[in-house]
Structures are given as C-alpha cells and as structure tokens.
Amino acid sequence: MTDNSQNSQASLAEIHYPFAEVESRWQQHWEEEQTFATPVAPGADKYYVLEMFPYPSGRLHMGHCRVYSIGDALARFLRMNGKKVLHPMGFDAFGLPAENAAILHKVHPSQWTERCIDDMKAQFKMMGFSLDWDREAVTCRPDYYHWNQWLFLKMMERGLVYKKAAAINWCVSCNTVLANEQVEQGACWRCKNPVEVKNLEQWFFKITDYAEQLLADLDKLNDWPESVKTMQRNWIGRSEGAVVRFKLLPKEFAPGMPVDDAQTSQLPDVEIFTTRPDTLFGVTFMVFAPEHPRVTELVEGTPRDAEVKAYVQKAKQEDRFLRTAADREKEGCFIGRYAVNPLNGDVVPIYIANFVLMEYGTGAIMAVPAHDQRDFEFATKYDIPVRMVIAPPDDADAIAGSDEARAQASAALKAAYVEPGVMVGSGAFNGRPSEEAKGAIAEYLEERGFGKRTIQFKLRDWLISRQRFWGTPIPIVYCPACGTVPVAESDLPIRLPENAVFSGSGNPLAAVDEFVNAKCPKCAGPARRETDTMDTFVDSSWYFLRYCDPHNTSLPFSRENGDAWMAVDQYIGGIEHAILHLLYARFFTKVLRDLGLVDCDEPFERLLAQGMVTNTFVDKATGQNAVDENGLLKYAKMSKSLGNGVDPIDIIKRYGADTARLFILFASPAEKELEWNENGVDGCSRFLNRVWRLALMLEPQVRKVLSTGENLSDGVSAGAADEATREMIFMTHRTLQRVAVEIGERHHFNTAIAAVMEFQNALYSYVTKSGEAADPKVTTFALRVLLLSLFPFAPHIASELWRVSGFTGRLDDQRYPAHNPSALVRSEVEVVLQVNGKIRSKIMVSAEATDEQLREAALADEKVQATLAGREPKKVIVVKGRLVNLVG
RNA sequence: GCCGGAGUGGCGGAAUGGCAGACGCAGAGGACUCAAAAUCCUCCGAGGUCACACUCGUGUGGGUUCGAAUCCCACCUCCGGCACCA
C-alpha cells in the first residue's frame, strides 16, 4: 500500500503514480473477490454486453485491446447504473493456425491451442477487463463442440442439412472448400490465395430457407450501422420477377418453317427467370449458361454439336472469377436451336454465353438487348436484332411513332435503355407505364400457364464441410447397408482423436483408423465415419447462447437461461464480419428459435462496428516512413507484414493498462479508425498522473470531511457563497450528466473522456486558485464524481484513489449518481447578440429574462447600437437564454 | 458501374439549425532548476493591428433560413463494400 506521508514530503511535481504495483494489486483483488461474477436472476435489469471472441493466437493485439476496452467501459458503466450485466469471454479456438503449428512443431493442435489460451487469458487480465471467466466458452473443447454436433442433428431432423455434389470453391493453400461468403474477389478470405472451382459432394446448411426472414428482420435492427445492413441486404439479394416458359422448337426447325404446336408441346419447355416481364416483347434471343445440363442434349446430333461442346469446354476451363468479372467481354455461340416467345409467338435463337451464370435463377435468360446492357453488348457483337419496347417517357416520337421509325431508332441505340418508361411495340400493353406493365404481363402469363411470379435470392446455401482436422467432426456415418446415417444423440460428442499424425498432406482425420471405423447406428454393421469437419463459423454462430448457460451438460443451454439473457443488448466487433459471422449468427438464432430452444428472433440488439487500429509504417522501397503526396505520414492497419504493430503488453509495461485503455478510447470515436500515436499515449498518461496528484493533494481535507460521517451533500442545497464554488458545483453536475449521456446513450467514449479531463482541469484550478476559500465538502463531492466518472475507462487508478482518499466501500459497488438538474440552473446566462446573423456582442442577463427584456437589453447594447447606426430593426429573433438576432 | 460512409486548425478530433475548433497532441514563450527531465503558468485557424477593431474561414458551387459545419440540390475527392445475379 502506498504510504501517503512519504508523498507529502516529496514535491508533488515529482510524483508519478505506481501503475505497475497498483494495477496488479487490483487485478488480484478482483480475481480473489470474484468481483465480475454474473448476477443471478437478472430480470428486467439484465444487460448483455458482448465483444466478438478472439481466435487464440496467444498474443493480444491492439485491435483486441480496442474492442474489449470499449465493451469493458460499457459493462462497468452499466453496472454502476444498476444493470445486471453479463460480460463473458471465450475463445474461437478451432481453425487452421493450430493445425499448421501441429505440422511445424509436432504438437497436437489441442495442446498448442490450450497453451495459447492460457497466455491470452493472462494478457486479458493485465488489461483489467471486467469479465466473468467462469462462463468461458472454448469452442475446441468437447463440452462445446458436442453441441455443434447436437445442433447439426437437430437441424438435420428439420431438413435444414443436406449433402450434395456442387461446383464449390476450393482453397489450394488451406486445402479445403470454402462457403460463398468466404470468397472475396476470387480469393480465400483467410489466406488471400486464389480459389479454384471443384466439383465435390459436400454438406450444406439450408440458410436459403431463411432468406426472406433474414432480409425482412434487418428492418428491426434500428441500432445497427446502416452500412452493415446494406451489405447484408445486397448479399441476400432479393429480386422479384417471374419464371417464364418458352416452347422449344425441334432440332430440325429452321427460321421460316411453320411452327408445329403439336410437335413443340412434346418437348420440354425452356425456363428462364426475369425481373423485367415488361420487356418480354423485346426478346430477340435466349442464352443458356455454358454449364447448363440441358445444353448437351439440345445440340446432340445437330451440325453444331462439336462447335458448341468446344465452347462449353473452353468456358469451363476459364478461371471462373475472370470469366464472371463485370468487365469481361461478352462472348458465346449459337447452338442451332430456337424457342417461341409465349407472349407474341416470336421465334428466337438460343445461345450459350460466358455472362450467364448457372447458379442464379434457372441458368438461362431471355435476352432483351434494347433494355439490358449485357444483352445489348452481346447482340452488338453477334449482329442480333435490337427491339425497343420501352420508350423514355419524354420521347413523344418513340411513343407515337410507326413500327418502322421504332425499328430505326432501335438500330441506332448506342446503349440499352434500362430506365422505366412507356410501353411500345408491345401489343395490348402499349401506352402503359412499364412499371405497371411488369405486374400486368406477369399476371397475363400466369393466367395462361406460361409463367409464374417468383422471388429469387443471390444468397446460396451455406457449405459447411471442411477437409481439415481441427474442427468439429460432422456426426455422420456411412454404412454400406443403410447409407448415410446420423450418429445417435447418445453417442455424442464424437471426439477428435489424440493420436492423429500431422504430416501436411491430406486430412489427418481420415488416416486415423480408430476414428474412421465405426458401427452403423442403425444396423450395427461396420461403417465409415465422415471425416470432414465443420466450418469454424458454425462455432461462432451460437457461442453467445452458450455463455447464458455455460455448464449445461444436457443441452447447449437451457430455455430458461437463454431467455433470461438474450438478446445480446450490445455487440461489439470488427466490420470485417459484416456479412460472414453476423449473417450466420442471425440464421442460427432463427433456427434455434424454431427448434423451440430460445425465444428470440435476432441475436444482437445493438451493434457497434469498431474501426481498425492503424499506425505509420516504413515504405520498403525508400526505407523511410511512408508519406502521401503532401508529405503527411500515411497510416495503415497494424500488421505483421508491414511491421507496424505495437504490442499492447509493451504499452502496459511502459504506461500501465489504464493509460492504454484511456488512449484507445480517447483518440478516436469507436467506429472510426484509431491512429496509433505515442505522443497521444503520453498525454493520457500525464492526465492520469494529474488525477493522482490532485487526489493526493486533496486527501487530507477529503478524509476530514468524510470522518464527520455527515451525508456527503451534492453541493446544491448548500447554497454556496462565492462564484467559484457555485461554478464548481455546476461543473460537477454537468460532468455527471455529460458522461452519462456520452457513454450510456451515444457510446461516444472520446467525448466522455474529454468531459472528465475538463472536469479534472476545473477541479484543479478551483482548489489551486481558491486556496483556503475552496469548500472542502464541494471538493470532496467533486473528487468522488471525478473517480466515479473515470472508473469505466481507468478502473485501477480510480479504485486505488477511491480507497486512498478514504471513500467507503469498493468503487465496483458504487452507483453512478444522477445529476441534480437544479445544479445546472444558473441565475445569469451569457446571451449572444447578433445583427443580421452576425455576432456583435455578448451580454450577461438573468436566466429568467423575458423575450421583451432580452430585446430591450440587446437594443441597449453599445456595439449593437453602433452596428445598427440608428436603423430600427425590422424583426427580432429571441432564443431564450441563448441569443438575440436583430434583423434590419 | 452500383450501394454505403466521410471531407472542419500543423495533427487526432468537438460542435447535428443558434458563440466553429471542446478535449488532447504538436509548437512558441515563461516559471522552477547549476542544467536537464518532470511539473506549473501563458499563447496557439488565417489575414490584419503596437493592441483592439475588423475581415475571411468547416471539400466546391448553388439553395432554404433571421441564422447553416449541421437541412436541400449539383459536383469534386477520399475510404469501405459489392460487382455480368438476368
């Protein structure tokens, strides 16, 4: 414990607070006292603060420090406001790094991971985060992944799990398949290496069953950043339109020949999806995706057979991400077959082309070159007619003109007209607005059995198989007699073997005979176990629910405990998970709700997407710090490759955890980038030292005031004598109010800290300038407020000064006081005087002054009179207590 | 190309219709010291002035308003996301 008598002998200026000793002592205290244990029976006051759990790399980095500092400030503040806070932590512990380490260091991924977790937990504790470690969830432990497997089986029962062969994304470097969401610009989200297309049989979760809900419920998420919601909307990609059936003409058909209805009705129709039924009269050709399964059958035995198959081959070989890039030139070939437009009986040729995707809609399109830019480019290249059927609303000639004139206009088009307009050349629909015709034509088709209104999504099912060891084993057995059989619930968990060999080639799981050889759950005959493991995003899709009931051995969590804490009131994490994790977690929550496990539609009520931590970096070419064209230092995300990372542990050792936390929260708003700046860190350290010295300076008088045992007044009723004291009381309550609003309502930690700093400055000048005249009761209350408002950001120093100053109880148990509104009422206020909107003067007036009095006072002001120069103002605007504007 | 966000001192940033630049950093001057560090005090948008006064100033141009960093329109720049989804 610090000996204060020693301090008083040294010059105050020499004192720097002993953060290392103070911080470790409080951390130990918190652990021993289990200060952060989650309250039981939370009821209506529950508040669930959650930060995205980390991958246990073994080293805490600055990005982690930022998320957890944000969450911790909130958690501590909410506890002070009487909330029953759940603030848990765990580890997203499956994944490739541990497996790679296993290959490199010949250590089992489990040992490696557990060691990293121990290291990271120690580092977490050094930051002083108020986490309930008793609820820790570690996804790589059987007591967690047991429930991944259980949920897999439950989802299977509901038809939400299936296995199918599909063209999938294969990451060569990670040696595994990836889900659609996990491919970014043709590259693996994790290792950034290019992704290949393979055809494999894989396990999928039927997330598309929930597409409509996942989209619609985004509207409920009022406290999510607009950008994240937009990204999810785009990813789900809902389009309304119609599936339209075109009659296929026989192989022998050639243009000019009569269409034999009896013959065509024998052939299977060609189905296309369109969002533009209004352009149906403008169809001049159709296009299939090259890999469309019907293409082979359509050309079989025709003269074009070889040519078409050669093109299909070529298209299949081309890199898929190059082929489907938006700027790729459109190309394809005619397949020699024709179809009939159901609306007008037109015969149109069928092509295959690189720009049509098999995975979307029906894998075939109707092409309307006049009104779709892609179709237009293709038609131009292959000399296919362009037929305008929608005229710009202001183009009277096109609307009223003859067919010939329109044909000429069509031929002259330089680009597709994609805007809404007026229907032309469309028979009975002519003259109607195209937006209205969309529905009318779809209805017309539906009535005659030529089509059906439908909704398409871009969202695909979630591919969850991974050909890797370090993940949750998929609880499936392949039996030669019974086929694909789910493992019995009572046999869970299917554990990862301890004796796998990590050679670096192939999935080690497949090489462990004891694992692979299984008994069929149905017939008890010999069977083979599935050796694929689950995508690690499965683990993180429901961990927030496990925290609600972490020790449950019979269920992933009980309904009672889930309902007691869910939804997460405030979720905090990086924007990089805007689609991946946040979409999967929303999907899981809805599935769990439908399984009757929890009563909650959306997992995360409020979302705070925190910005990256950046730093200056050395330009490898010049060997100097990278600068922009103006010579200003450039900042980039802290990373290994740029060598610009700052180790949080190093900062803790040099400045202490409180300084690190304070700087991280002060330097920038939470959702923006944080530019690392050593000088800024220094500034925060100086501030905490000033608080320390101020508290030591006040300690004798504070102890004296506290020793009277009187109830510490909030200063208001005291009716302070002098101006400085009244101002001090005002500042104290104003700070209480500002900090509460900034943290509690706006989550603006930077301005909350600025308010605390201002308050510290004010208290310091009050006690130094007033000297003996300073009211000890007022300073005692002010110090109390200073420590309370500092506590969420810098809990160690605040706790220590609370104790040292002689305040009773633990700071952890204190309530954050409500400000007293009457303390914020001032008898005199400064009013700004404007003439024609320009500030000319400022005057002090009674806060109660009426509009008329303010007007009089303004007109009486010398400077105002000088500016008006005798003119009479035409109009006077009075904003009570703030300003008077004289217009004249 | 489409969608989303942002442009404010030397720097990070405050102010969401009413005093632009809170708070912090950097910088300048001073006090303490033999000196330095630490600490404390003062100044710190630009022009202008001995000092005031005054003028200009929130990416650019227009608009609404008594009054605009803030609201509306157009444009420019930067950041992020998506990208032939029919």
Side-chain angles (χ1 to χ4, degrees), chain A residues 11-16 184-185 225-231 233-235 237-239 241 272-276 279 287 321 323-330 353-357 359-368 372-375 377-378 456-460 575-576 578-579 611-612 632-633 635 662-663 666-669 671-684 686-687 689-690 693 748 750-761 764 768 830-839 842 863 866 873-879 882-888:
Chain A
S11 156
L12 263 182
E14 306 284 320
I15 294 174
H16 286 77
E184 298 167 343
Q185 276 129 36
E226 209 46 57
S227 59
V228 175
K229 287 192 280 185
T230 307
M231 280 158 78
R233 275 188 200 106
N234 292 342
W235 187 262
R238 184 184 192 274
S239 303
I272 58 96
F273 172 74
T274 181
T275 55
R276 297 290 306 271
T279 64
V287 190
F321 298 96
R323 185 191 123 193
T324 57
D327 51 3
R328 175 79 171 87
E329 195 191 341
K330 278 135 202 72
N354 60 352
F355 70 94
V356 175
L357 308 172
E359 310 88 83
Y360 186 77
T362 62
I365 62 160
M366 65 179 211
V368 186
D372 181 287
Q373 188 56 28
R374 295 156 301 183
D375 300 349
E377 286 167 30
F378 191 83
Q456 276 290 328
F457 294 94
K458 277 167 65 178
L459 182 72
R460 308 284 146 73
I575 189 94
E576 66 272 19
I579 296 175
M612 299 187 297
L632 290 171
L633 286 168
Y635 283 80
L662 199 70
F663 172 74
F666 177 63
S668 168
E671 58 283 350
K672 278 193 70 173
E673 259 179 28
L674 169 67
E675 293 181 2
W676 188 258
N677 176 346
E678 210 77 22
N679 288 323
V681 179
D682 258 324
C684 287
R686 275 203 289 270
F687 165 69
N689 275 308
R690 276 198 294 270
R693 285 191 292 267
H748 286 189
N750 57 331
T751 50
I753 292 168
V756 179
M757 286 175 167
E758 259 180 273
F759 182 52
Q760 191 273 339
N761 289 339
Y764 181 85
T768 51
E830 192 183 57
V831 168
V832 171
L833 304 182
Q834 294 183 331
V835 177
N836 291 327
K838 285 197 172 188
I839 295 153
K842 292 169 191 179
K863 283 186 182 165
K874 290 191 197 102
K875 198 173 168 187
V876 180
I877 284 107
V878 179
V879 182
R882 299 194 83 148
L883 119 172
V884 180
N885 187 9
L886 304 156
V887 186

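We name chains A, B, ... by the order of the sequence lines, and we start the count at 1 in each one. Everything quoted here is computed from the prediction, not taken from an experiment.
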Whole angstrom value for the distance that separates C1' of rC2(B) from CG of Asp372(A) | 15 Å
Which one, rC84(B), rG4(B), rC19(B), comes nearest to the side chain of Thr230(A)?
-> rG4(B)
Listed partners of Glu226(A) passing salt bridge (charged side-chain N to carboxylate O under 4.0 Å, His left out), at least two apart = Lys229(A), Arg233(A)
In rG9(B), glycosidic geometry as syn within 90° of 0 or anti otherwise | syn
Pairwise P distance, rC66(B) and rU49(B) [rounded to whole Å] = 37 Å
Using the C1' atom on both, measure rC79(B) against rC41(B) and round to a whole Å.
-> 42 Å
For nucleotides rC76(B) and rG61(B), find the distance between their P atoms and express it as a whole number of Å.
-> 15 Å
Kindly indicate, with the supporting measurements, whether the criterion side chain to side chain contact (heavy atoms under 4.5 Å, CB included) is fulfilled by Gln456(A) and Arg238(A).
-> CA-CA 6 Å; Gln456(A) 276 290 328; Arg238(A) 184 184 192 274; over 6 Å; no
Straight-line distance of Leu674(A) CG to Asn750(A) CG, nearest 0.5 Å | 10.5 Å
With no hydrogens and no angle check, is any side-chain donor or acceptor of Arg693(A) less than 3.5 Å from a backbone partner on Ile15(A)?
-> yes
Choosing from rC19(B), rG13(B), rA86(B), which nucleotide comes nearest the side chain of Tyr360(A)?
-> rA86(B)
How many Å lie between NE2 on His16(A) and P on rC40(B), as a whole number?
-> 9 Å
What is the nucleic acid contact for Arg238(A), judged by heavy atoms within less than 4.0 Å: base, sugar-phosphate only, or nothing?
-> nothing
Show your reasoning for whether side chain to side chain contact (heavy atoms under 4.5 Å, CB included) applies to Asp682(A) and Phe663(A).
-> CA-CA 9 Å; Asp682(A) 258 324; Phe663(A) 172 74; over 6 Å; no
When the C1' atoms of rC43(B) and rG21(B) are considered, how many whole Å apart are they?
-> 16 Å
Is any side-chain nitrogen or oxygen of Lys672(A) closer than 4.0 Å to OP1 or OP2 of rG13(B)?
-> yes
Leu883(A) CG to rG17(B) P, in whole Å, measures 15 Å
How many angstroms lie between CG in Asp375(A) and CZ in Arg276(A), if you round to the nearest 0.5 Å?
-> 11.0 Å
Tabulate atom names and distances for all N/O pairs under 3.5 angstrom spanning the protein and nucleotides 65-71 of chain B.
{"residue": "rC66(B)", "atom": "OP1", "partner": "Lys875(A)", "partner atom": "NZ", "Å": "3.2"}
{"residue": "rC66(B)", "atom": "O2'", "partner": "Asn885(A)", "partner atom": "ND2", "Å": "3.3"}
{"residue": "rC66(B)", "atom": "O2", "partner": "Asn885(A)", "partner atom": "ND2", "Å": "2.4"}

Check: Gly241(A) main-chain N/O paired with Thr275(A) side-chain donor or acceptor under 3.5 Å | no
Please report, rounded to the nearest Å, how far the C1' atom of rA83(B) is from the CD atom of Glu184(A).
-> 14 Å
Per-nucleotide protein contact string for nucleotides 22-30 of chain B, where B marks a base within reach and S marks sugar-phosphate only (heavy atoms under 4.0 Å, - for neither) | BBSSS----
Verify, without hydrogens or angle tests, whether Asn354(A) (side chain) and Lys330(A) (backbone) share a donor-acceptor contact under 3.5 angstrom.
-> no
Could you grab the distance from atom NZ of Lys874(A) to atom CG of Asn836(A), nearest 0.5 Å is fine?
-> 8.0 Å
Centroid-centroid distance, Trp676(A) to Tyr635(A), less than 6.0 Å = no
In Å and rounded to the nearest 0.5 Å, what is the CD to CD distance from Glu675(A) to Glu673(A)?
-> 6.5 Å
Would you mind reading off the distance between Phe687(A) atom CZ and rA38(B) atom C1', rounded to a whole angstrom?
-> 18 Å
Interatomic distance at C1', rG5(B) relative to rU64(B), whole Å | 25 Å
Smallest separation among heavy atoms of Cys684(A) and Phe666(A), with atom names | SG-CD2, 4.2 Å
rA20(B) to rG67(B) separation - C1' atoms, rounded to the nearest Å | 14 Å
Check every strand shown and say whether Thr768(A) touches a base, only sugar-phosphate, or nothing at a heavy-atom separation below 4.0 Å.
-> nothing
Determine the interatomic distance between P on rG29(B) and the same-named atom on rA53(B); round to the nearest Å.
-> 26 Å
Counting any heavy atom closer than 4.0 Å, what does Pro669(A) reach on the DNA or RNA strands: base, sugar-phosphate only, or nothing?
-> sugar-phosphate
Please work out if Phe378(A) contacts a base, only the sugar-phosphate, or nothing of the nucleic acid, heavy-atom cut-off 4.0 Å.
-> nothing
Of the listed nucleotides rC19(B), rA86(B), rC3(B), the one nearest the side chain of Asn234(A) = rC3(B)
Trace of the side chain to side chain contact (heavy atoms under 4.5 Å, CB included) decision for Phe355(A) with Glu377(A) = CA-CA 11 Å; Phe355(A) 70 94; Glu377(A) 286 167 30; over 6 Å; no
Base, sugar-phosphate, or nothing: which does Val287(A) touch, judged by heavy atoms less than 4.0 Å apart?
-> nothing
Does Met231(A) or Gln456(A) map to a spot on RNA chain B nearer the 5' end, using the closest nucleotide for each?
-> Met231(A)
Electrostatic pair Lys842(A):Glu830(A) at N-O distance under 4.0 angstrom | no
Across all chains, not counting sequence neighbours, the salt bridge (charged side-chain N to carboxylate O under 4.0 Å, His left out) partners of Arg686(A) are none
Tell me, with the steps shown, if Val876(A) and Val887(A) meet side chain to side chain contact (heavy atoms under 4.5 Å, CB included).
-> CA-CA 6 Å; Val876(A) 180; Val887(A) 186; over 6 Å; no
With rounding to whole Å, what would you report as the distance between rA22(B) and rC44(B) at their C1' atoms?
-> 15 Å
What is the nucleic acid contact for Glu377(A), judged by heavy atoms within less than 4.0 Å: base, sugar-phosphate only, or nothing?
-> nothing
If you find the nucleotide of RNA chain B closest to Leu357(A) and the one closest to Trp235(A), which residue's nucleotide is nearer the 5' end?
-> Trp235(A)
Pairing of RNA chain B as dot-bracket, 5' to 3': ( ) intra-strand, [ ] crossing, | other strand, . unpaired, with Watson-Crick or G-U pairs under 3.5 Å?
-> (((((((..(((.....[....))).(((((.......))))).(((......)))..(((((..]....))))))))))))....
Nearest-neighbour nucleotide for the Glu226(A) side chain, rC40(B), rG5(B), rG13(B) considered | rG5(B)
Quickly work out the Tyr764(A) OH to rU39(B) C1' distance and round it to whole Å.
-> 8 Å
Which value, rounded to the nearest 0.5 Å, describes the distance between Asn885(A) atom CG and Leu833(A) atom CG?
-> 10.0 Å
Atom-to-atom span, NE2 of His748(A) to C1' of rU16(B) - whole angstrom = 11 Å
Whole Å only: how far is the CE atom of Met612(A) from the P atom of rG80(B)?
-> 7 Å
Protein and nucleotides 56-59 of chain B: nitrogen or oxygen contacts under 3.5 angstrom:
{"residue": "rC56(B)", "atom": "OP2", "partner": "Lys838(A)", "partner atom": "NZ", "Å": "3.3"}

